[in-house]
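Labels below follow one simple rule: chain letters A, B, ... track the order of the sequence lines, proteins then strands, and each chain is numbered from 1.
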There are 2 protein chains.
Amino acid sequence: MIHNDQRKPRPRPTISDVARLAGVSISTVSRVLNDTAPVSPEVEQRVLQAIEMLNYTPHLAARNLAVRKTETIGLLLPEVGNNFFAPLLRGVENAIRPTEYQLLVHASLRVPDPAPWRHSPIGEHNADGMLVFVNSMDQAELLRNYERGFPMVLLFFTPPSNARIPYVGFDNTTGLCQVVEHLVQVHGRRRIVYLRGPVGNFDSEEREAAFRQTMERLGVPVYPELVARGNYSSISAEQAIQELIERGVDFDAVFAGDDDAATGVLAALRRNGRSVPEDVAVVGFDDIPFSVHLNPPLTTVHAPVEQAGYVAASKLLSLLAGETPELATRLPVELVIRQSCGCNRT
Amino acid sequence: MIHNDQRKPRPRPTISDVARLAGVSISTVSRVLNDTAPVSPEVEQRVLQAIEMLNYTPHLAARNLAVRKTETIGLLLPEVGNNFFAPLLRGVENAIRPTEYQLLVHASLRVPDPAPWRHSPIGEHNADGMLVFVNSMDQAELLRNYERGFPMVLLFFTPPSNARIPYVGFDNTTGLCQVVEHLVQVHGRRRIVYLRGPVGNFDSEEREAAFRQTMERLGVPVYPELVARGNYSSISAEQAIQELIERGVDFDAVFAGDDDAATGVLAALRRNGRSVPEDVAVVGFDDIPFSVHLNPPLTTVHAPVEQAGYVAASKLLSLLAGETPELATRLPVELVIRQSCGCNRT
DNA sequence: GCGTTTTCTGAAAGCGCTTTCAGCATAGCA
DNA sequence: TGCTATGCTGAAAGCGCTTTCAGAAAACGC
């Protein structure tokens with residue numbers, strides 16, 4: 001027996017269908033839908049019934065057009081699949097849930113559009129405001145949106161100096177300071193390799209500055225051959241360390257850039273027979289859930305990613321409510337000492 | 001000096017503004033925007049210039065309303081923060097990128113709306129089609145959408161028997177069969193604890209059935225005290241194992257449900273002084289990126305999550321193109337043998 | 001040179017909704 | 001009883017766009 005799977009072209013019911021069935025005008029239907037004006041109980045009942053019968057759902061695009069709001073906020077990401085993307089999104093969702101807002105996520109991967117007039121895939125044409133992740137929007141467009149008064153909040157980078165756009169990030173400086181001090185003062189490491197993040201990454205640069213500054217303060221030289229390029233990923237970190245070892249460079253500790261990179265560092269070290277933390281101590285940044293399960297458990301700096309998402313979304317929400325949230329939020333990070341630095345050996 | 005940050009109420013330019021500035025009608029502007037009809041070069045030039053000057057961007061909601069398409073596809077998730085959510089999203093994005101479609105993501109967390117007429121936060125009112133993750137939409141609504149002919153494809157669960165909705169999932173049966181055989185035939189384990197997934201989870205149930213079936217085929221009893229409740233999370237798995245140990249239950253292997261759970265299992269085992277894999281072998285499912293970095297490296301079943309996202313999105317896209325994609329796709333999984341089962345000891 | 005295409009353009013009708021405005025009862029008040 | 005509040009409802013305008021339709025101008029055919 002053939003199952004009848006014809007796509008029934010029965011069009012979705014509109015507000016007029018409901019109105020007709022209920023024997024009222026569309027204005028009245030709209031009113032019971034939105035509770036914007038009193039409607040007599042019996043009429044309301046009829047309308048509700050009609051809605052039920054037709055299985056009617058209002059068409060959001062039409063409503064948006066009429067009220068000139070989209071009720072959605074956008075989240076622009078440079079890529080997707082980053083390991084701390086999940087907690088970030090969770091934070092954003094938590095902030096948004098109690099509101100009427102939807103979340104529109106777009107991972108750009110920067111494929112520039114030939115048509116000059118269609119700017120970002122998400123912008124004031126389809127969102128009331130947006131969360132902009134570092135490196136997901138070029139500065140020109142950022143500024144253009146700002147000029148227009150489009151509500152935005154920045155994640156993990158600061159706005160150009162003349163634009164007063166709220167942002168949230170981590171207190172990279174304190175975090176780096178703590179972890180470096182720990183390496184140097186507690187464990188006496190001096191030849192510390194510094195694995196950079198992606199070029200142009202805000203956090204990465206801030207962290208490097210803090211690193212150099214702290215090292216200087218502690219009177220430990222930053223050996224040029226010990227700062228290597230990474231991009232916050234496991235493989236690139238693994239390669240970088242492999243290369244250092246092959247080049248015969250001597251080092252007794254590595255700051256991996258982030259925890260993802262740290263796993264790569266651990267792998268490379270293990271493969272080359274260097275023991276952690278005896279031969280070389282390794283520390284990360286972020287404290288992703290897996291760090292505790294690494295071998296050895298990773299000493300790292302805990303960055304409250306979920307909270308960052310929550311705070312950023314909250315800021316945007318308050319912006320949308322016409323308030324003016326605090327401009328800058330640097331979330332505190334915390335050194336979490338496990339074993340990869342040399343502490344807590346069993 | 002006070003920076004002037006007044007939100008300039010200058011309204012966004014509309015197509016009429018462009019038309020006026022260019023000295024043409026809005027129809028003409030629309031035509032150059034969409035290239036839907038020939039426009040003389042000089043006029044086109046004028047329009048383009050006006051667009052440029054006004055920094056005009058078409059209002060998507062209005063366009064959507066007019067063309068009766070939203071150009072977005074929805075992704076409905078039961079929660080966010082799942083560890084294989086990132087690769088899934090990556091797959092979906094990859095499939096979508098070459099198209100005009102946007103991605104609207106919503107993590108539900110099931111807070112039922114009191115208003116009966118506003119169904120899902122994402123549906124035919126704001127998307128042309130959607131990807132439905134297991135447990136993110138109740139069956140009634142699924143069916144209602146299906147009746148309406150709303151394009152959907154299901155992720156990791158099969159539709160109710162009478163609904164011909166495409167879906168993609170993993171070949172759980174083969175995967176489980178392989179891993180269990182490995183445990184039993186290669187390593188001679190017999191008292192295997194089986195950690196379930198969340199109740200009502202499709203994959204979980206399919207896997208359990210396969211587990212029992214394979215065990216029977218191999219002539220190994222499934223001890224009731226060895227099947228424990230988990231929910232594909234590290235903590236719950238840790239608790240479950242802890243409890244088994246405290247109850248004095250004897251076992252020599254554990255199938256953890258998924259890799260997240262496996263980390264919990266490893267932690268519990270380590271804490272109780274059981275060595276892996278000597279005392280107990282542990283295996284997972286999914287092969288998330290971290291599995292290789294666990295201690296010991298986890299033997300698991302590789303599930304192509306990103307591919308699942310890609311395939312699902314492709315199916316939806318073809319549905320939207322009016323084609324009829326293959327109904328069911330079970331992606332092949334593959335046993336990846338590392339050390340936690342007892343192989344490859346150094 | 002005149003009808004006939006062909007090319008380009010604008011007027012206007014919608015898309016499905018909200019919202020103002022006015023209208024009509026009915027209730028309240030004197 | 002007449003008057004103004006009050007409560008409820010519908011007509012109609014409009015949100016910013018696309019798309020038919022028809023008209024004007026230019027190009028073509030003979």
Side-chain angles (χ1 to χ4, degrees), chain A residues 10-48 50-51 54-72 100 115 117-118 123-128 148, chain B residues 10-48 50-51 54-71 100 115 117-118 123-128:
Chain A
R10 166 163 56 93
R12 75 196 312 274
T14 74
I15 197 173
S16 316
D17 297 327
V18 175
R20 195 172 319 116
L21 182 56
V24 298
S25 74
I26 60 169
S27 328
T28 300
V29 176
S30 173
R31 284 192 267 263
V32 352
L33 245 26
N34 306 299
D35 196 28
T36 52
V39 168
S40 75
E42 49 160 348
V43 171
E44 171 161 19
Q45 204 45 48
R46 286 216 309 279
V47 172
L48 253 20
I51 287 174
L54 294 174
N55 214 317
Y56 166 78
T57 319
H59 192 292
L60 244 41
R63 177 201 298 248
N64 290 345
L65 188 56
V67 300
R68 251 146 317 183
K69 300 203 333 183
T70 65
E71 296 290 2
T72 104
E100 289 285 276
W117 58 78
R118 76 167 21 151
E124 46 174 346
H125 50 285
N126 57 2
D128 294 345
R148 273 226 204 297
Chain B
R10 167 164 57 92
R12 73 194 313 271
T14 74
I15 197 173
S16 316
D17 297 327
V18 175
R20 195 171 322 116
L21 182 56
V24 298
S25 74
I26 62 168
S27 327
T28 300
V29 176
S30 173
R31 285 193 267 261
V32 352
L33 246 25
N34 305 300
D35 196 28
T36 52
V39 168
S40 74
E42 49 161 346
V43 170
E44 171 160 19
Q45 205 45 47
R46 285 216 309 281
V47 171
L48 252 19
I51 287 174
L54 293 174
N55 214 317
Y56 166 77
T57 319
H59 192 292
L60 243 42
R63 178 202 297 249
N64 291 344
L65 188 56
V67 301
R68 253 145 317 186
K69 300 201 336 183
T70 66
E71 296 291 1
E100 289 286 278
W117 59 79
R118 76 165 21 149
E124 48 173 344
H125 51 285
N126 56 3
D128 293 345

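- Across all strands, A:Ser30 comes closer than 4.0 Å to base atoms (heavy-atom distances).
- In this entry the distance linking NZ of B:Lys69 with P of C:dC15 reads 18 Å, nearest Å.
- Remark: the B:Arg68 side chain and the C:dG14 base include no donor-acceptor N/O pair separated by less than 3.5 Å.
- Every side-chain contact (heavy atoms from CB on, under 4.5 Å) that A:Thr72 has, sequence neighbours left out, goes to A:Thr70, A:Gln102, A:Leu104, A:Ala127.
- Residue B:Ser25 places at least one side-chain N or O closer than 4.0 Å to OP1 or OP2 of C:dG10.
- The separation between A:Arg63 atom CZ and D:dC15 atom C1' is 14 Å, rounded to whole Å.
- Side-chain proximity of A:Val67 to D:dT20, C:dT19, C:dC17: nearest is C:dT19.
- Closest to the side chain of A:Thr36, from the set D:dT19, C:dT19, C:dT18, is C:dT19.
- Among the nucleotides D:dG10, C:dT9, D:dC15, the one closest to the side chain of B:Ser40 is C:dT9.
- Rounded to whole Å, atom P of D:dG7 lies 16 Å from atom CD of A:Glu44.
- Under 4.0 angstrom from either OP1 or OP2 of D:dC15 there lies no side-chain N or O belonging to A:Asn64.
- For the helix from C:dG1-D:dC30 to C:dA30-D:dT1, the rotation axes defined at the first and last 5 base pairs enclose an angle of 40°, given to the nearest 10°.
- Here the CG-CZ distance, from B:Leu21 to B:Arg46, works out to 10.0 Å after rounding to the nearest 0.5 Å.
- Checked against D:dG16, D:dG10, C:dG10, the side chain of B:His59 finds its nearest nucleotide in D:dG16.
- Phosphate proximity of C:dG10 to B:Thr28: present, with a side-chain N or O under 4.0 Å from OP1 or OP2.
- Residue-level contact check: A:Ser27 touches the bases, meaning some heavy atom is under 4.0 Å from a base atom.
- Looking at the side chain of A:Ile26, the nearest of the listed nucleotides D:dT18, C:dT18, C:dT20 is C:dT18.
- Residue side chain A:Arg12 does not reach the base of C:dG16 through any donor-acceptor N/O pair under 3.5 Å, judged by distance alone.
- Put simply, CZ on A:Arg63 and CG on B:Leu65 are 13.0 Å apart, with the number rounded to the nearest 0.5 Å.
- Here A:Arg12 contributes atom CZ and A:Asp17 contributes atom CG; the two are 10.5 Å apart, rounded to the nearest 0.5 Å.
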